[in-house]
Protein chains: 2
Amino acid sequence: MTESLLEPNGSRDASGSCAPDSHTVAARLAALSHPARIEILKHLSSSNSCCCREVVDRFDLAQSTVSQHLKILVKAGLVRFEPDRQRSRYAVDRAALADVSASLNALVNSCCSGR
Amino acid sequence: MTESLLEPNGSRDASGSCAPDSHTVAARLAALSHPARIEILKHLSSSNSCCCREVVDRFDLAQSTVSQHLKILVKAGLVRFEPDRQRSRYAVDRAALADVSASLNALVNSCCSGR
DNA sequence: ATCGTTTATCGCCGATGGACGATGACCGAA
DNA sequence: TTCGGTCATCGTCCATCGGCGATAAACGAT
């Protein structure tokens, strides 16, 4: 693994808020850096909770592909997964999503203030 | 809420808020989804303008690797590139950075309102 | 002109991503 | 039970990423 040459870890900025390290932010942004996943997120948010099939029907992607994208979103913590009997239920974790946005905001602010 | 006056690709929906398409957002987020690039951005922002060498000295990465990362950041429009005689100058485009953040904010908001 | 510095690019390689089809498991209904 | 629908996972294929060293071009200084 090629990590550890960057940031000391959990640095705190002047405002006292904890700035997540670059790896964490990068990993979460990576989950958002695919158009299909963004669209899937939008779709999920529009209907509170979806099963995989609904997403497959909406987009022109194979079921296995959609399942993969959902898995990535779940792994990133942006989508909650609840295995129902037959139909799995996927739902946007709005708090987590807001958190990612806040992290990026913090990064941008630190870039704009450090001058 | 947020104005993003740039972005030629931004389509304006009925509500007047600018909603960039998924590909655009995804591409810009992809540029941010690497810890080294995030750290490089922070470094650039801390000293207004850098040459490649400065970044190479700061991080434990080969010069070619840093050059690649910088190229990616430039291509994404997050960093401005100005070829000086000998030393290229790289500087954070704070407006573009703020714009990415705003785009993500807009996405999150649309996900949180659509319910 | 020659050397040293800086930079961008090339080629290479291993790892990962993204797409798909096929498969098997699970469940509900007939 | 059998059938149909849903889902996760596996394996495969191809493209891209991320790292590096090597190289050549451009420039300043000697």
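For the numbers below, each heavy atom of this structure counts, side chains included, while hydrogens, waters and symmetry mates do not. We name chains A, B, ... by the order of the sequence lines, and we start the count at 1 in each one.
At whole-Å resolution of the value, CG in Asp60(A) and C1' in dA19(C) are 12 Å apart. dG21(D) atom P lies 11 Å from atom CG of Leu61(B), rounded to whole Å.
At least one side-chain nitrogen or oxygen of Lys71(A) sits closer than 4.0 Å to the OP1 or OP2 atom of dT9(D). Between dG19(D) and His69(B), a contact under 4.0 Å exists linking OP1 or OP2 to a side-chain N or O. Neither OP1 nor OP2 of dG21(C) sits under 4.0 Å from any side-chain N or O of Ser64(A). Contact annotation: Ser88(A) reaches the phosphate of dA8(D) (side-chain N/O to OP1 or OP2, under 4.0 Å). Dashed line: the shortest gap from a side-chain N or O of Arg87(B) to OP1 or OP2 of dT6(C) is under 4.0 Å. Between His34(B) and the phosphate of dG19(D), there is a side-chain N or O to OP1/OP2 separation shorter than 4.0 Å. OP1 or OP2 of dT6(C) has not a single side-chain nitrogen or oxygen of Tyr90(B) nearer than 4.0 Å. The side chain of Arg53(B) contributes an N or O atom lying less than 4.0 Å from OP1 or OP2 of dT6(C).
A donor and an acceptor atom never sit less than 3.5 Å apart when one is taken from the side chain of Gln68(A) and the other from the base of dA19(C).
At a threshold of 4.0 angstrom between heavy atoms, the contacts of Arg89(B) with the nucleic acid are absent. Nucleic acid contact class of Thr65(A) (heavy atoms, under 4.0 Å, all strands): base.
Between Glu54(A) and Gln86(B), the residue whose closest nucleotide on DNA chain D is further toward the 5' end is Glu54(A).
Proximity of Leu104(A) to Leu29(B): side-chain heavy atoms (C-beta onward) are separated by under 4.5 Å at one or more points.
Using cut-offs of 30° and 60° on the angle between ring planes, the pair His69(A) and His34(A) is tilted.
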